[in-house]
Number of protein chains: 2
Amino acid sequence: MENQEKCNGKIDVCSDHVIHQDTLNYIYERALNDSTVNDLAEFFKMFGDPTRLRILHALSVAEMCVCDLCEYLGMNQSAVSHQLKILRHSRLIKYRREGRNVYYSLDDEHIGQIMKVGLEHLMENK
Amino acid sequence: MENQEKCNGKIDVCSDHVIHQDTLNYIYERALNDSTVNDLAEFFKMFGDPTRLRILHALSVAEMCVCDLCEYLGMNQSAVSHQLKILRHSRLIKYRREGRNVYYSLDDEHIGQIMKVGLEHLMENK
DNA sequence: GGAACATATAAACATATTTTCATATATAAA
DNA sequence: TTTATATATGAAAATATGTTTATATGTTCC
């Protein structure tokens with residue numbers, strides 16, 4: 001094999017880029033598969049929008065009906081319902097109807113934990 | 001005050017929506033402030049894209065140079081550098097130059113923890 | 001049944017994000 | 001100093017996301 005021993009003394013077999021084949025092999029062995037990566041990204045995406053994050057945080061404090069949430073968020077009902085729908089589809093929240101009102105609450109024990117670790121990160125980085 | 005005692009027997013003071021004022025007060029007292037919410041959302045947003053998530057996961061396994069990452073991700077160098085820039089600005093990764101290569105690694109101890117909790121969530125929900 | 005209220009949703013709109021393309025910068029080697 | 005290599009970046013293109021507007025659905029009260 002030609003093209004060996006470049007890139008700071010490590011092995012290289014790539015066509016036009018210098019790479020560390022040993023490191024790559026190591027990473028490939030430990031890589032998450034595509035569907036896991038996509039699902040995980042979708043999960044974290046839920047926490048990546050201020051509106052949804054405020055909803056999740058509020059629901060971690062108490063069960064709330066939609067109009068409570070609209071008032072709390074200062075947003076119109078449609079926008080809130082849209083975000084609730086997204087969170088519902090991600091199975092992060094659940095709901096129950098009581099008369100005309102629909103009450104939302106968390107449906108996942110990891111939500112509090114995730115937000116906690118995130119907040120710890122913020123604290124430690126000023 | 002008029003408009004009291006509606007909405008399932010709970011107190012209500014809102015102009016045109018029925019709300020639970022007691023719940024709202026409780027939530028308001030515990031609410032995160034705006035800048036915290038925004039910072040936290042920005043932090044989680046980093047984990048909410050498959051490309052960035054794969055980068056973060058790979059770097060949690062080993063330090064890597066940019067061309068390693070391009071090969072691993074199967075993406076062109078520019079796209080990878082753009083994501084690295086975003087992760088750098090969020091202070092999640094750091095880099096060191098060694099000759100022509102730039103080596104990236106994680107710059108935050110919470111990253112592994114966050115991904116771990118996320119993966120636990122996936123496992124427990126099939 | 002009809003009116004009023006709470007919530008949901010489709011479609012349009014506005015904005016943000018990611019990737020690509022072209023090019024710039026930095027370092028090393030010749 | 002010229003050339004090659006590795007990485008970075010601005011701008012455009014492609015795509016995704018969030019909010020608004022208008023309307024539909026489900027429930028209660030009369």
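Just so it is clear: chains get the letters A, B, ... in the order the sequence lines come, proteins before strands, and each one is counted from 1. All values below were derived from every heavy atom in this structure, side-chain atoms included, with hydrogens, water molecules and symmetry-related copies excluded. The model shown is predicted, which means the values in this text are computed figures rather than measured ones.
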Practice task
Can you check each nucleotide of nucleotides 20-30 of chain D against protein heavy atoms at under 4.0 Å and return B for base, S for sugar-phosphate only, - for none, in 5' to 3' order?
Solution key: BBB----BB--
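- Between the CG atom in B:Asp107 and the CG atom in B:Leu92 there is a gap of 8.0 Å [rounded to 0.5 Å].
- Going from atom OH of B:Tyr103 over to atom C1' of D:dA8 covers 17 Å, rounded to whole Å.
- Straight-line distance from the NZ atom of B:Lys45 to the P atom of C:dA16: 9 Å, rounded to whole Å.
- Between A:Lys85 and D:dT19 there is no side-chain N or O to OP1 or OP2 distance below 4.0 Å.
- Each of B:His89 and A:Ile86 lies near DNA chain D, and the nucleotide nearest B:His89 is the one positioned closer to the 5' end.
- What separates CE of A:Met64 from C1' of C:dT7 is a distance of 15 Å, to the nearest Å.
- Note that the OG1 atom of A:Thr36 and the CG atom of B:Leu119 stand 7.5 Å from one another [nearest 0.5 Å].
- Stacking of B:Arg30 on the aromatic ring of B:Tyr28 is not recorded, the 6.0 Å distance cut-off and the 45° axial limit not both being met.
- Between the CZ atom of A:Phe44 and the C1' atom of C:dT17 there is a distance of 19 Å, rounded to whole Å.
- In this entry the distance linking CD1 of B:Ile93 with C1' of D:dT7 reads 13 Å, nearest Å.
- In this structure, B:Tyr104 reaches the sugar-phosphate backbone alone: every heavy-atom distance under 4.0 Å involves primed, P, OP1 or OP2 atoms, never a base.
- The distance from atom CD of B:Gln83 to atom C1' of C:dA16 is 13 Å, rounded to the nearest whole Å.
- When the nucleotides D:dT7, C:dT9, C:dT18 are ranked by their closest atom to the side chain of B:Asp49, C:dT18 comes out on top.
- Side-chain N/O atoms of A:Arg88 include none lying less than 4.0 angstrom from OP1 or OP2 on C:dT7.
- Protein atom CD of A:Glu71 is 13 Å distant from nucleotide atom P of C:dA6, rounded to whole Å.
- Between D:dG18 and A:Thr51, no contact under 4.0 Å exists linking OP1 or OP2 to a side-chain N or O.
- The side chain of B:Arg52 approaches C:dT18 more closely than any other nucleotide in the set D:dT9, C:dT18, D:dG18.
- Listed pair A:Asn101 / C:dT7 meets the phosphate criterion, a side-chain N or O lying under 4.0 Å from OP1 or OP2.
- The aromatic rings of A:Tyr104 and A:Tyr95 sit tilted relative to each other, their planes meeting at an angle between 30° and 60°.
- Spacing between atom OH of A:Tyr95 and atom P of C:dA6 amounts to 19 Å, rounded to whole angstrom units.
- A ring-centre distance under 6.0 Å is found for A:His20 and B:Tyr103.
- The closest side-chain heavy-atom distance from B:Cys67 to B:Gln77 is not below 4.5 Å.
- Taking a pair to require two hydrogen-bonding distances under 3.5 Å in either a Watson-Crick or a G-U wobble arrangement, C:dA30 pairs with D:dT1.
- In this structure, A:Arg52 is not positioned above the aromatic face of A:Phe47 in the sense of NZ or CZ being under 6.0 Å from the six-membered ring centre and within 45° of the axis.
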